[in-house]
Undergrad: 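Have a look at this one.
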Amino acid sequence: MAKKYAEILLREEIVNKSSLLRERALQSLVQEIAVLTEAGLSSMNPIDHPPGTILNAGRIERSNGEFYIYEEGMTPSVIRVMEQLDQERLGIGKCFGLELMTIAELLHTSGYGPKGTTWEVLNGSRSLTPIKGPTSLQSRYLSEDIPFGLRTFASIADHIGLDTPVMDSMITLGEILVGGTPQSGRTIETLGLGELSKEEIMDFVLTGGPKVSV
């Protein structure tokens, strides 16, 4: 009986230690942010998924599911487009007084790959390169990351008078590929902020005012 009880205690200790290690690992990935806007503009998926999918559309359709976007699709030219897209995201952040991390920094600090350039982070990632897909152009990489990611970013940029040509091109091409409805998704208007200035938007994010219908 004593031996069995000791084994139970040992198992519980192992489980507790494992849980503590997982908790510490998760805590190390948590970053404090200044304002809610920073969190929204730091979303990685709209920056890496659409370029990787759109610029590999032919390969995806011909692969019959045998496609690895991070292993095969993130070539130097695709990453150049991704980084130009990322510069537009960073530009939106600067208009709101935010110094956002680059896509390479976000990927690294999130634990996806080694510190370095976008190419080095993605191609050195042990967790991303084995991922198979997307297996179809009707993937969330386009159907979600464009209307609820890039379109949101671009709508905000347009509202404050900032040009985003690469972002706009990704949205246009992505909508054609998935047969989506132009202008669909989350925009500055659907967020209830279309009548506010840049300063009023920041005030709303920080304080909950001015009063708007959201």
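Note that the structure is a prediction, hence the values are computed from the model and not measured.
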Undergrad: Can you find a pair of side-chain heavy atoms, one from Asp48 and one from Leu107, that are under 4.5 Å apart?
TA: yes
Undergrad: Atom CE in Met170, atom CG in Leu173: separation rounded to 0.5 Å?
TA: 5.5 Å
Undergrad: How long is the gap from NZ on Lys198 to CG on Leu193, to the nearest 0.5 Å?
TA: 15.0 Å
Undergrad: Please find the pair of heavy atoms, one from Leu196 and one from Ile201, that lie closest to each other, and give the distance.
TA: CB-CG1, 3.8 Å
Undergrad: Can you tell me how far the CG atom of Asp203 sits from the CD atom of Glu199, to the nearest 0.5 Å?
TA: 10.0 Å
Undergrad: Once ring-ring contact (aromatic ring centres under 6.0 Å, His included) is applied, do any residues pair with Tyr141, and if so which ones, sequence neighbours excluded?
TA: His49
Undergrad: Using a 6.0 Å cut-off, check whether atom OH of Tyr112 has over 12 heavy atoms from anything other than its own residue.
TA: no
Undergrad: With a 4.0 Å cut-off, would you call Glu99 and Lys94 a salt bridge?
TA: no
Undergrad: So, do Phe67 and Arg59 sit near enough that their side-chain heavy atoms are less than 4.5 Å apart?
TA: yes
Undergrad: Do you know which two heavy atoms are closest between Cys95 and Leu162, and how far apart they sit?
TA: SG-CD2, 4.1 Å
Undergrad: Can we say Glu120 and Lys115 salt-bridge, meaning some charged N sits less than 4.0 Å from an Asp/Glu carboxylate O?
TA: no
Undergrad: If you take all heavy atoms of Val166 and Glu88, which pair is closest and at what distance?
TA: N-OE2, 2.9 Å
Undergrad: How far apart are the closest heavy atoms of Arg89 and Ile103, and which atoms are they?
TA: NH2-N, 3.7 Å
Undergrad: If I take atom CD from residue Glu105 and atom OG from residue Ser110, how far apart are they, to the nearest 0.5 angstrom?
TA: 11.0 Å
Undergrad: Find out whether Ser139 and Thr53 are in side-chain contact, i.e. whether some heavy atom of one side chain is under 4.5 Å from a heavy atom of the other.
TA: no
Undergrad: Measure from the side-chain N and O atoms of Ser63 to the backbone N and O of Ile60, and report whether any donor-acceptor pair falls under 3.5 Å.
TA: yes
Undergrad: Measuring only between side-chain heavy atoms, which start at C-beta, is Asp145 closer than 4.5 Å to Leu142?
TA: no
Undergrad: Any link between Leu100 and Ile160 through a network of hydrophobic side chains (Ile, Leu, Val, Met, Phe, Trp, Tyr) touching at under 4.5 Å?
TA: yes
Undergrad: Check whether Ser125 reaches the backbone of Val121 with its side chain - one donor and one acceptor, N or O, closer than 3.5 Å.
TA: no
Undergrad: Quick one: does Asp86's side chain have a donor or acceptor within less than 3.5 Å of a partner on Thr102's backbone?
TA: no
Undergrad: Any donor-acceptor pair under 3.5 Å linking the side chain of Glu72 with the backbone of Tyr68?
TA: yes
Undergrad: Any luck finding a side-chain donor-acceptor pair between Ser136 and Gln138 under 3.5 Å?
TA: no
Undergrad: Could you go step by step and tell me if Ser42 and Leu106 meet the side chain to side chain contact (heavy atoms under 4.5 Å, CB included) rule?
TA: CA-CA 8 Å; Ser42 295; Leu106 286 169; 4.2 Å; yes
Undergrad: Do Leu128 and Glu71 make a side-chain contact, defined as non-hydrogen atoms from C-beta onward lying under 4.5 Å apart?
TA: no
Undergrad: Identify the two heavy atoms, one from Gly149 and one from Pro46, that lie closest to each other, and give their separation to 0.1 Å.
TA: CA-CG, 3.7 Å
Undergrad: Decide whether Ile69 and Leu137 are clustered together by the hydrophobic rule: side chain heavy atoms of Ile, Leu, Val, Met, Phe, Trp, Tyr closer than 4.5 Å, transitively.
TA: yes
Undergrad: Could you walk me through whether Tyr70 and Asn123 satisfy the side chain to side chain contact (heavy atoms under 4.5 Å, CB included) test, starting with their C-alpha distance in whole Å, then the side-chain angles of each, then the deciding distance to 0.1 Å, before giving a yes or no?
TA: CA-CA 7 Å; Tyr70 295 104; Asn123 283 269; over 6 Å; no
Undergrad: Please determine whether the number of non-hydrogen atoms from other residues, nucleotides or ligands lying under 6.0 Å from atom CD of Glu195 exceeds 12.
TA: no
Undergrad: Is it the case that the side chain of Glu200 and the backbone of Ser197 share a donor-acceptor pair, with hydrogens and angles ignored and the cut-off at 3.5 Å?
TA: yes
Undergrad: Closest heavy-atom contact between Ala154 and Asp168?
TA: CB-OD1, 3.8 Å
Undergrad: Test of understanding: clusters of I, L, V, M, F, W, Y form through side-chain heavy atoms closer than 4.5 Å, transitively. Do Ile92 and Leu90 belong to the same one?
TA: yes
Undergrad: For Glu83, check side-chain contact (heavy atoms from CB on, under 4.5 Å) against everything at least two apart and list the hits.
TA: Ile79, Thr118
Undergrad: Rounded to the nearest 0.5 Å, what separation is found between the CG atom of Leu85 and the CE atom of Met167?
TA: 5.0 Å
Undergrad: So does Leu191 get a backbone contact from the side chain of Arg186, meaning a donor-acceptor N/O pair under 3.5 Å?
TA: no
Undergrad: Any chance you could measure Phe153, atom CZ, to Ile188, atom CD1, to the nearest 0.5 Å?
TA: 12.0 Å
Undergrad: Looking only at atom types and distance, does a side-chain atom of Glu189 sit under 3.5 Å from a main-chain N or O of Gly194, one as donor and one as acceptor?
TA: no
